[in-house]
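Written below as structure tokens is the structure these notes are about.
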Amino acid sequence: MAFSTKISGVKNTLYRMPTTCRDCRNFESVKESLLKYITNPEDLKKVSAAQLPILAKELRAFIINVLSTKKGHLGASLGVVELTLALHYVFDTPKDRLIWDVGHQAYVHKILTGRKDVFHTQRQFGGISGFPKKSESAYDAFGTGHSSTSISAALGMAMAAQIKGAPERQHIAIIGDASIAAGMAFEGLNHAGATTANLLVVLNDNSMGIDPSVGALKEHLMKTKTGQNSQQNSLVESLNFYYSGPVDGHDLPALISALKNLKTVKGPKFLHVITTKGKGLKKAEQDQVTYHAPGKFDKITGEIDSQNTVNEIPKYQDVFGLTMVELAKNNPNIVGITPAMPTGSSLKFMMDAFPERAFDVGISEQHAVTLAAGMASEGMLPYCAIYATFLQRSYDQIIHDVALQNLPVVFCLDRAGLVGEDGATHHGIFDIGFLRCIPNMVLFAPMNARDLRNILYTVQLKTLPHPIAIRYPRGRAEVADWRGPFEEIPLGKGRVEKEGDTLALLSIGTLGNTINSIVNDLPAAEQSKIAHYNLLFIKPLDTKLLHSIFVKFKQIMTFEDHAVKGGFGSAVLEFAQENNYANHEIEIIGIPDAFVEHGSLEDLKKSIGLDAKTLKEKIQNKL
């Protein structure tokens, strides 16, 4: 069997290949394509150390080829090709446990652990996850998606191994320099240093999260990398870890040597590895923020598909960010805070315009919320921009530090509702449930970009009487013309979208636009029977409007892009019960009581019955 291939950095030559991998045993005779014959770490171990750099180039080419058309987290995985090869080469996985913090960087791991042939399905509906997932593979020792959990999880596994009489088993947490700065990571390090657990923490230091890392620890690590820190290991060793490094994360012999040495060391160990995010693709190395997840791009030049960037209709996050700049110009008390998401939340606009009043505090949601509370207590008006799924990491601070003291903090919850391909770890579908029960908390869901712009304006007009959470979705708004003059939104008041006489449809958020489209598409006879109300406020509910609805209608349907348990529909049911509205037929439509997997928004909505076609059928069936 003769064929040729061209791999970046490898001479293009015609080779005679053995029929199967078993024919080549240790791969010594394989010079054309190593990756083709590797399906698991056992195959990897048959490769000579001298051939691993060739395999690293093949892996980079494979990832670039797939992600250029299928999208995904590019930069992080390109940066850890050699590190991942070394880990699986030295350790006995899955017996030895690898835990990838966050998981953006786990693509190489997936390719090497039996998922190469289905890698092109990553993040697609029915395909493999973009993050490590226990139910997907025995090699995914612990599911991740949110940051800074790996050290605690790996320590727990190591302590369990001691208890069960398997202290020789290895437990490796791979964590980035942005994630290790978070409080939970320090809690794990603090505990681990007081144990004899067989734990190795590998610091993947590339000075980046999604955005550049921030904070004093970042400065400490930078000095260590540049040789300016004479006590580079003092911080780690003071926590009773055996320190090794820094090691060039793209030097396979150095990595393998360091890992083999650490494998023999007992107790907590720490390896500092220096990597380059986006390694191997010039554009990704030069613009590490954009190429974290660039969408479709040219696999040769790295140029991003123009369709990814050219669009007159803004993203909701940009409506937030640009409006913040407008408001901050006229209100000196406004400050902006985000935990490591300046680009993703678009607070970057305000950080550029008012660097002294807008802050990226790193991956530290708890700190971000209490920092906002401290500022609010001194007369400032903090807008705290946090993804809805990450807000749950700061729940005690919301209750204890903000709501209990009734401080005027504005929580701007981006990515509320289904987010698509990132899946269950990132859908923002629980925030209403855990915020609605907190006294003093106000909840608002804009139906469109103008609503978002106007509520951001409204909350700063006078002293805000309560904290407020504003939830808005990932993706683009409905129209390009969103700016217009500012208008004050009456607090606690809903909006009548359409009158009718038989069936009342109650919606919140941008799902109201879908309901409007559905109703407008119905025959005139059916349209006349339907009334539609967008409540805007989930708390406080517009009770005056609700009373009028319950007096007029016996059939009511509620619609939300949130879990049905404890959500907007539940609030409407509570209103009905508290006000003795009996004999009403109320149907709650939203996200079912189950974790929703990954896929396009269209596929996910179809899978749970929130697509326009299914909603239309439900409405017509009710009529």
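Within the 4.5 Å cutoff, the side chain of T338 has no heavy atoms near those of the C384 side chain. Counting heavy atoms from C-beta on, the side chains of L615 and L511 come closer than 4.5 Å. Using a 4.5 Å cut-off on side-chain heavy atoms (C-beta onward), M447 and N513 make contact. In this structure the side chain of S346 never reaches within 4.5 angstrom of the side chain of M324, judged on heavy atoms. Between F320 and D414, every side-chain heavy-atom pair lies at or beyond the 4.5 Å cut-off. With a 4.5 Å cut-off on side-chain heavy atoms, F297 and L281 count as touching. Considering only heavy atoms from C-beta on, K605 stays 4.5 Å or farther from T614 through its side chain. Counting heavy atoms from C-beta on, the side chains of P446 and I455 never come closer than 4.5 Å.
E365 pairs by the side-chain hydrogen bond (donor to acceptor under 3.5 Å, both in side chains) definition with R393, not counting sequence neighbours. Applying the salt bridge (charged side-chain N to carboxylate O under 4.0 Å, His left out) test to K133 and every residue at least two apart in sequence or in another chain returns E597. Partners of D396 by side-chain hydrogen bond (donor to acceptor under 3.5 Å, both in side chains), not counting sequence neighbours: none found. With sequence neighbours excluded, the residues satisfying side chain to side chain contact (heavy atoms under 4.5 Å, CB included) with D287 are V289, T290, Y291.
For the ring pair (Phe, Tyr, Trp, His ring centres under 6.0 Å) condition, no pair includes a residue of residues 597-623, sequence neighbours left out. Within the structure, salt bridge (charged side-chain N to carboxylate O under 4.0 Å, His left out) contacts touching residues 501-518 (residues at least two apart or in different chains) do not occur. The list of ring pair (Phe, Tyr, Trp, His ring centres under 6.0 Å) pairs with a residue in residues 411-434, not counting sequence neighbours, reads F131-H426, H146-H426, F390-H426, Y395-F434. Each ring pair (Phe, Tyr, Trp, His ring centres under 6.0 Å) pair with one or both residues in residues 470-510, not counting sequence neighbours, appears once here: Y457-F486. Pairs passing the salt bridge (charged side-chain N to carboxylate O under 4.0 Å, His left out) check and including a residue from residues 506-533, sequence neighbours excluded, read D521-K616. Evaluation of the salt bridge (charged side-chain N to carboxylate O under 4.0 Å, His left out) test over residues 115-124, restricted to residues two or more places apart or in two chains, returns R115-E136, R115-D140, R123-D422. Listed by first and then second residue, the ring pair (Phe, Tyr, Trp, His ring centres under 6.0 Å) pairs that reach into residues 511-551 are F444-F537, H547-F575, H547-Y581, F550-F575, F550-Y581, F550-H584, sequence neighbours excluded. Applying the side chain to side chain donor-acceptor pair (under 3.5 Å) test to pairs two or more places apart or on separate chains, those with a residue in residues 548-566 are R471-D561.
S600 contributes a side-chain N or O that, together with a main-chain N or O of D603, makes up a donor-acceptor pair within less than 3.5 Å. Between the T389 side chain and the G428 main chain, no donor and acceptor come within less than 3.5 Å of each other. D101 places a side-chain N or O within donor-acceptor distance of the main-chain N or O of T149, the cut-off being under 3.5 Å. The backbone N or O of V319 sits nowhere less than 3.5 Å from a side-chain atom of R453 that would complete a donor-acceptor pair. Put simply, the side chain of N534 never gets that close to the backbone of R495: no donor and acceptor are under 3.5 Å apart. Using modelled atom types, no side-chain atom of S147 and backbone atom of S179 make a donor-acceptor pair closer than 3.5 Å. Under a 3.5 Å cut-off, the side chain of S77 and the backbone N or O of H104 do form a donor-acceptor pair. The main-chain N or O of G103 is found under 3.5 Å from a side-chain atom of Q105 such that the two form a donor-acceptor pair. With hydrogens and angles ignored, the 3.5 Å screen pairs a side-chain donor or acceptor of S570 with a backbone N or O of V564. Counting only distance, with no hydrogens or angles, the side chain of K498 and the backbone of I530 share a donor-acceptor pair below 3.5 Å.
Salt-bridge formation is not detected for the pair K71/E421: no Lys NZ or Arg NE/NH1/NH2 atom is positioned less than 4.0 Å from an Asp or Glu carboxylate oxygen. Ion pairing between E602 and K606 fails under the 4.0 Å rule for side-chain N and carboxylate O.
One distance of note links CG of L535 with CG of L546; it measures 5.5 Å at 0.5 Å rounding. Once rounded to the nearest 0.5 Å, the distance linking CD of Q620 with CG of L503 reads 11.0 Å. With values rounded to the nearest 0.5 angstrom, L67 atom CG is found 7.5 Å from L78 atom CG. Atom-to-atom distance recorded for D542:CG and K493:NZ is 5.0 Å, nearest 0.5 angstrom. Annotation: the span from I468 atom CD1 to L435 atom CG amounts to 11.5 Å, rounded to 0.5 Å. A distance of 11.5 Å separates CD of E497 from CG of L506, quoted to the nearest 0.5 Å.
For the pair D360 and M351, the tightest heavy-atom approach, listed with the atom from each and the gap, is CB-CE, 3.7 Å. Between A612 and T514, the shortest heavy-atom distance links the atoms CB-CG2, 4.1 Å. Closest approach of I304 to P294, counting heavy atoms only: CG2-O, 3.8 Å. Listed here is the closest heavy atom pair of A531 and F553: CB-CZ, 3.5 Å. Across all their heavy atoms, P473 and Y316 have their closest contact at O-CB, 3.5 Å. The minimum heavy-atom distance between V496 and L545, with the atom names listed, is CG2-CD1, 4.2 Å.
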List the steps, then state whether side-chain contact (heavy atoms from CB on, under 4.5 Å) holds for I589 with L610. CA-CA 8 Å; I589 296 174; L610 273 184; 3.8 Å; yes
Apply side-chain contact (heavy atoms from CB on, under 4.5 Å) to residues V409 and V369 and explain how you reach the verdict. CA-CA 9 Å; V409 174; V369 170; over 6 Å; no
Check the pair L327 / Y383 against side-chain contact (heavy atoms from CB on, under 4.5 Å), numbers first and verdict last. CA-CA 11 Å; L327 297 175; Y383 288 71; 4.1 Å; yes
Could you please spell out the steps behind the side-chain contact (heavy atoms from CB on, under 4.5 Å) verdict for I438 and V402? CA-CA 10 Å; I438 302 175; V402 177; over 6 Å; no
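Note: H73 and Y107 have tilted aromatic rings, judged against thresholds of 30 and 60 degrees for the angle between ring planes.
For the side-chain hydrogen bond (donor to acceptor under 3.5 Å, both in side chains) with Q317, the lone residue among R415, R474, R476 that qualifies is R415.
For K618, the NZ atom counts as densely surrounded, since its 6.0 Å shell holds more than 12 non-hydrogen atoms of other residues, nucleotides or ligands. For E487, the CD atom counts as loosely surrounded, since its 6.0 Å shell holds 12 or fewer non-hydrogen atoms of other residues, nucleotides or ligands.
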